[in-house]
Amino acid sequence: MSLPTAMISLFVSALPAFADLKLCNRMSYVVEAAIGIDEKSATATRGWFRIDPAACRVVLQGALTADRILLNARALGVYGASPIPQNGNDTLCIAPDNFVIAAARQCRGNQTPAPFTQITPTRTDDGTLVAYLAEDSEYDDEQARLAGIQRLLVIAGYDAAPIDGVDGPKTQGALSAFLKSRGLAAEIVQSQNFFATMIDAVQKPSSTGLTWCNDTPHKIMAAVATDDGKAVTSRGWYRIDPGKCLHPDVIGQPKQVYSFAEAVDGESRAIKYRDKPLNWGGPKQLCTRESKFEISEQSDCGTRGLAAIGFAPVDMSSGGKTLRFAMP
């Protein structure tokens, strides 16, 4: 799956005291959003608000006077490395699960710092303020919903590319095959909870392609590599939450597939078990970097500012393979 460059697009107007604040998602990803309220010398944050493609969610209710409103958004772990850039100028505290942090500029306990971007939403006719999350593709609601379905179909191993929000026989065929394989009725596509149902189905082991399953209590970051006979391409990082499965994008029919995974804490530091990093790899040394990457040249990793990590070969001869990561 090719992850497009995504951006947060926010339509601007003046910001007086207002009633409800609503976030609307016109991206092809299910996202989780956190907001920050900056008023005088106090800054508070709260999250996470899950928003499906083509859906809106009220994140603040009632009249509120704020000097600034700020936003942090991330894609769900099922998509792998989040395609949403986080380049805001304000660093505020967030937590892994649902949270409300009253003093959000000094992180404590399991809180971690994250970049927030200032937003100034637009006012609708009924007085509600709305901010839109959008991609470079500039989908409307209908296109965003269809592109979101296409993206999850591709992750599940079905050929619904390109991810463009345009309907056609290819997308419908992939969707029908997916629903049939998961025992889902066609009517469920129009249900309000379809994306939750689809993600749940995608995160279960599949008989085709590569599946990673996290059976540990820790977050796992994983990378995959493919050898097409001409070059070996390594790609990461994919986040796999505890108790979840993930299908990395293994495109085409490579001659060999490799895998590496590592358990990390809330600050993305490697977790150790009996004084050794808790990871799952092998002897094949391939190039990686700390941030999101796709690397096709695997020589001289160190001299190029990259890190060489040992990947394990994956036997895909049966057409599908599930790797389960568990505590030793």
Side-chain angles (χ1 to χ4, degrees), residues 6-39 42-76 78-79 82-90 92-95 97-102 104 114-149 151-152 165 190-199:
M7 61 177 288
I8 300 174
S9 176
L10 300 147
F11 297 83
V12 178
S13 72
L15 181 62
F18 58 88
D20 293 347
L21 171 64
K22 183 186 297 183
L23 296 180
C24 293
N25 181 9
R26 287 183 175 170
M27 302 181 70
S28 56
Y29 304 85
V30 178
V31 301
E32 293 176 324
I35 59 169
I37 301 298
D38 199 357
E39 184 176 9
T43 305
T45 57
R46 63 181 300 184
W48 295 96
F49 302 96
R50 177 165 163 163
I51 315 172
D52 292 341
C56 297
R57 183 163 180 182
V58 174
V59 297
L60 285 174
Q61 290 182 310
L64 173 69
T65 301
D67 296 326
R68 297 190 305 154
I69 299 177
L70 305 110
L71 174 71
N72 174 284
R74 65 186 187 186
L76 296 188
V78 69
Y79 299 106
S82 180
I84 305 176
Q86 303 292 351
N87 53 4
N89 295 323
D90 287 78
L92 305 177
C93 302
I94 61 173
D97 301 316
N98 293 340
F99 65 90
V100 176
I101 302 174
F116 277 68
T117 302
Q118 182 177 347
I119 65 173
T120 310
T122 186
R123 183 181 292 278
T124 62
D125 292 340
D126 64 0
T128 301
L129 290 181
V130 181
Y132 291 91
L133 284 72
E135 294 181 47
D136 290 342
S137 303
E138 297 184 349
Y139 299 123
D140 60 24
D141 285 342
E142 183 178 352
Q143 292 167 337
R145 190 174 193 278
L146 184 57
I149 292 172
R151 190 170 297 284
L152 288 171
Q190 303 304 324
S191 71
Q192 185 176 359
N193 296 322
F194 177 59
F195 278 99
T197 301
M198 195 174 188
I199 288 173

Q. For Asp90, what residues pass the side chain to side chain donor-acceptor pair (under 3.5 Å) criterion, not counting sequence neighbours?
A. Arg68, Arg105

Q. Which atom names give the shortest non-hydrogen contact between Ile69 and Ala66, and what distance separates them?
A. CG1-CB, 4.4 Å

(Q) Would you say that Phe49 contacts Ile35 through its side chain, given a criterion of any heavy-atom pair below 4.5 Å between the two side chains? (A) yes

(Q) As an exercise, state the distance from CZ of Phe195 to CD1 of Ile149, rounded to the nearest 0.5 Å. (A) 4.5 Å

Q | Residue pair Arg50, Leu76: steps toward the side-chain contact (heavy atoms from CB on, under 4.5 Å) verdict | A | CA-CA 9 Å; Arg50 177 165 163 163; Leu76 296 188; 3.8 Å; yes

Q: Go through the steps for Lys22 and Cys24 under the test side-chain contact (heavy atoms from CB on, under 4.5 Å), then give the verdict.
A: CA-CA 7 Å; Lys22 183 186 297 183; Cys24 293; 3.9 Å; yes

Q. Looking at Ala144 and Pro53, what are the two nearest heavy atoms and their distance?
A. O-CB, 3.5 Å

Q.
Is any side-chain heavy atom of Leu92 closer than 4.5 Å to one of Leu70?
A. yes

Q.
Quick one, Val30 with Tyr79, criterion side-chain contact (heavy atoms from CB on, under 4.5 Å). Give me CA distance, side-chain angles, the key distance, then yes/no.
A. CA-CA 9 Å; Val30 178; Tyr79 299 106; 3.6 Å; yes

Q) Between Leu133 and Tyr29, does a side-chain contact (heavy atoms from CB on, under 4.5 Å) hold up when you go through it step by step? A) CA-CA 10 Å; Leu133 284 72; Tyr29 304 85; over 6 Å; no

Q | Minimal non-hydrogen separation, Thr45 against Cys93, with atom names | A | OG1-O, 2.9 Å

Q. Under the side-chain contact (heavy atoms from CB on, under 4.5 Å) test, which residues partner Asp126, sequence neighbours left out?
A. Thr124, Thr128

Q. Does any N or O in the side chain of Asn25 come within less than 3.5 Å of the main-chain N or O of Ile51, such that one atom is a donor and the other an acceptor?
A. yes

Q. Which residues satisfy the side-chain contact (heavy atoms from CB on, under 4.5 Å) test with Asp140, sequence neighbours excluded?
A. Glu142, Gln143

Q. Should the heavy atoms of other residues, nucleotides or ligands under 6.0 Å from CZ of Arg46 be counted, would the total exceed 12?
A. no

Q) side-chain contact (heavy atoms from CB on, under 4.5 Å) with Ile37: which of Thr43, Leu60, Leu21? A) Leu60

Q.
Donor-acceptor check, side chain of Trp48 to backbone of Ala95, threshold 3.5 angstrom: yes or no?
A. yes

